[in-house]
2 protein chains.
Amino acid sequence: MEDVVRALGYATLGSRLKRIGEKLQAQTQDLAGELAGTGLPTPHNPVLAALDRQGPLSIGDLAKALGQSQPGITRMINKMKSEGLVSVTSLEQDRRVSTVALTEAGRHLVDHLKATLWPAVSFAVADACAGLDGPLLQQLDQLEAALTEQSLSTRQTGQPLPDWDTLDLETRS
Amino acid sequence: MEDVVRALGYATLGSRLKRIGEKLQAQTQDLAGELAGTGLPTPHNPVLAALDRQGPLSIGDLAKALGQSQPGITRMINKMKSEGLVSVTSLEQDRRVSTVALTEAGRHLVDHLKATLWPAVSFAVADACAGLDGPLLQQLDQLEAALTEQSLSTRQTGQPLPDWDTLDLETRS
DNA sequence: CCTCATAACATAACAAGTTATATAACACGA
DNA sequence: TCGTGTTATATAACTTGTTATGTTATGAGG
């Protein structure tokens with residue numbers, strides 16, 4: 001059965017990118033289950049990372065930092081608040097803005113993720129991307145094939161992982 | 001405000017790909033509004049293209065051809081059926097399988113899209129991708145910047161578009 | 001033939017993104 | 001100070017993807 005989305009090339013690049021992104025997120029979720037045992041949904045990771053990097057942020061700034069719409073952020077923050085990972089307080093000077101900050105539990109989770117899941121994902125994805133070459137569509141072909149052939153979880157070497165903060169510019173970009 | 005998803009590189013590649021894919025789809029939708037005037041949702045285009053390329057297909061085969069799950073296809077087909085674009089008939093030999101085929105209206109729409117939207121999108125996306133170079137993350141940086149700077153609709157040259165069927169291997173891949 | 005496993009599709013519930021709009025707080029000019 | 005416009009967030013409705021599960025049809029063995 002022909003892969004139509006792949007065959008149409010530029011015409012369906014949007015669908016293609018979404019599809020690969022979802023596959024990556026699904027495999028990341030699997031890896032999270034094995035590694036960290038936390039049931040943290042994959043899209044919540046960037047939120048935690050943003051708060052870790054930048055400290056407390058408003059809803060709007062979080063939306064900008066993650067490049068998505070404000071209502072989406074509001075909903076995610078509500079869920080994370082209900083799980084005790086973040087606290088939301090309204091700003092003294094301007095009570096329209098609510099400031100989102102990591103709670104103690106949130107910070108602990110971040111520390112755990114920095115030591116386990118986040119570097120593991122970086123390495124596994126870097127491994128899947130190793131050897132990619134050529135124009136964009138070709139690299140996407142290669143990446144999609146690589147992910148199909150071997151999932152992120154089986155790309156775990158088992159070797160000791162460096163902590164997140166020490167790995168920044170090496171594997172990450 | 002730092003773009004965290006971009007900054008985290010491989011660790012958030014899934015989110016990144018989804019984000020770019022959604023942006024592309026949104027801009028494709030805009031282009032569709034200007035060009036074709038049809039309110040066809042962007043994800044329905046690959047379904048039409050698959051049926052156009054392969055003739056009538058079962059739900060399961062469509063799911064394979066598009067690389068998504070069967071329930072998603074079922075729902076999309078139901079909507080397209082309700083809009084008169086496809087017909088669904090159950091197979092004589094095996095009444096479990098339902099065969100999806102373009103209706104007359106569906107075929108007319110496909111012909112229209114082949115003459116307008118599909119080649120236009122191919123060209124516009126190819127234009128946005130022109131000059132991309134380097135490793136995957138770098139090409140994604142460049143692509144995302146290109147889409148932000150100039151939308152697909154403003155990449156329309158206005159010059160005559162070749163018909164879809166004559167453009168296959170040239171711009172498409 | 002009847003049963004049971006399998007296969008195809010449908011349905012339901014959920015997740016996470018979007019747009020459009022409502023609400024509430026602020027800021028400024030008449 | 002009183003509207004009035006703007007800004008920040010919340011809410012609602014929708015889309016489109018997912019998984020889990022139900023239903024019906026097929027086919028194969030006893």
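All chains are named by letter (A, B, ...) in the order of the sequence lines, taking the proteins before the strands, and each is independently numbered beginning at 1.
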Q: Identify, between B:S58 and B:E22, the residue whose nearest nucleotide on DNA chain C lies closer to the 5' end.
A: B:S58
Q: Locate the shortest heavy-atom distance separating A:A128 from A:L147; write the atom from each residue and the value.
A: CB-CD2, 4.1 Å
Q: Might you point out which heavy atoms bring B:T42 and B:Q25 nearest each other, and give the distance in Å?
A: OG1-O, 3.4 Å
Q: Can you tell me the distance, in whole Å, between the CZ atom of B:R16 and the P atom of C:dG17?
A: 15 Å
(Q) Given 3.5 Å as the limit, does a donor-acceptor pair link the side chain of B:Q70 with the main chain of B:G60, or not? (A) no
(Q) So which atom in B:C129 and which in A:L136 form the shortest heavy-atom distance, rounded to 0.1 Å? (A) SG-CD2, 4.2 Å
Q) Can you tell me if the side-chain N/O atoms of B:T74 get under 4.0 Å from OP1 or OP2 in C:dC9? A) no
Q: Mind calculating the distance between CE (A:M80) and P (C:dA16) to the nearest angstrom?
A: 11 Å
Q. For the helix from C:dC1-D:dG30 to C:dA30-D:dT1, how many degrees between its two end axes (five pairs per end), to the nearest 10°?
A. 20°
Q: Select base, sugar-phosphate, or nothing to describe what B:K79 touches, counting heavy atoms under 4.0 Å on all strands.
A: sugar-phosphate
Q) So which heavy atom on A:V86 is nearest to which on A:I77, and how close? A) CG2-O, 4.0 Å
Q: Please confirm whether the backbone N or O of B:G134 pairs with a side-chain atom of A:Q139, one donor and one acceptor, at under 3.5 Å?
A: yes
Q) On DNA chain C, nearest-nucleotide positions of B:A26 versus A:Q29: which is more 5'? A) A:Q29
Q | Minimum-distance pair of heavy atoms, taken over all atoms of A:Q27 and A:Q150 | A | OE1-O, 4.5 Å
Q. Hey, can you pull the residues of residues 59-71 of chain A with a non-hydrogen atom under 4.0 angstrom from DNA chain D?
A. A:I59, A:G60, A:Q70, A:P71
(Q) Can you measure A:K18 atom NZ to C:dT18 atom P for me and round it to whole angstrom units? (A) 10 Å
Q. Do you know which two heavy atoms are closest between A:S58 and A:V97, and how far apart they sit?
A. CB-CG2, 4.4 Å
Q.
Nearest 0.5 Å, please: how far is NE2 in B:H44 from CE in B:M80?
A. 6.0 Å
Q: Check every nucleotide of DNA chain D for an atom under 4.0 Å from a heavy-atom of chain A, then give the first and the last such nucleotide from 5' to 3'.
A: D:dT7 to D:dG17
Q | Residues forming a side chain to side chain donor-acceptor pair (under 3.5 Å) with B:T28, sequence neighbours excluded | A | none
(Q) From CD1 of A:I73 over to C1' of C:dA16, roughly how many Å is that when rounded to an integer? (A) 11 Å
**Q.** Contact residues, residues 88-97 of chain A to DNA chain C [heavy atom, < 4.0 Å]
**A.** A:Q93, A:D94, A:R95, A:R96
Q: Could you tell me whether the side chain of A:T103 and the main chain of A:G84 form a donor-acceptor pair under 3.5 Å?
A: yes
Q: Name all residues meeting the side chain to side chain donor-acceptor pair (under 3.5 Å) criterion together with A:E144; count only those two or more places apart in sequence or in a different chain, and write none if there are none.
A: A:R16, A:R19
Q. Just checking B:R75: base, sugar-phosphate only, or nothing, at a heavy-atom cut-off of under 4.0 Å?
A. base
(Q) For A:Q54 and A:D61: C-alpha separation, side-chain torsions, deciding distance, then whether side-chain contact (heavy atoms from CB on, under 4.5 Å) applies. (A) CA-CA 10 Å; A:Q54 320 244 351; A:D61 285 346; over 6 Å; no
Q. Does any non-hydrogen side-chain atom of A:V110 lie less than 4.5 Å from one of A:W164?
A. no
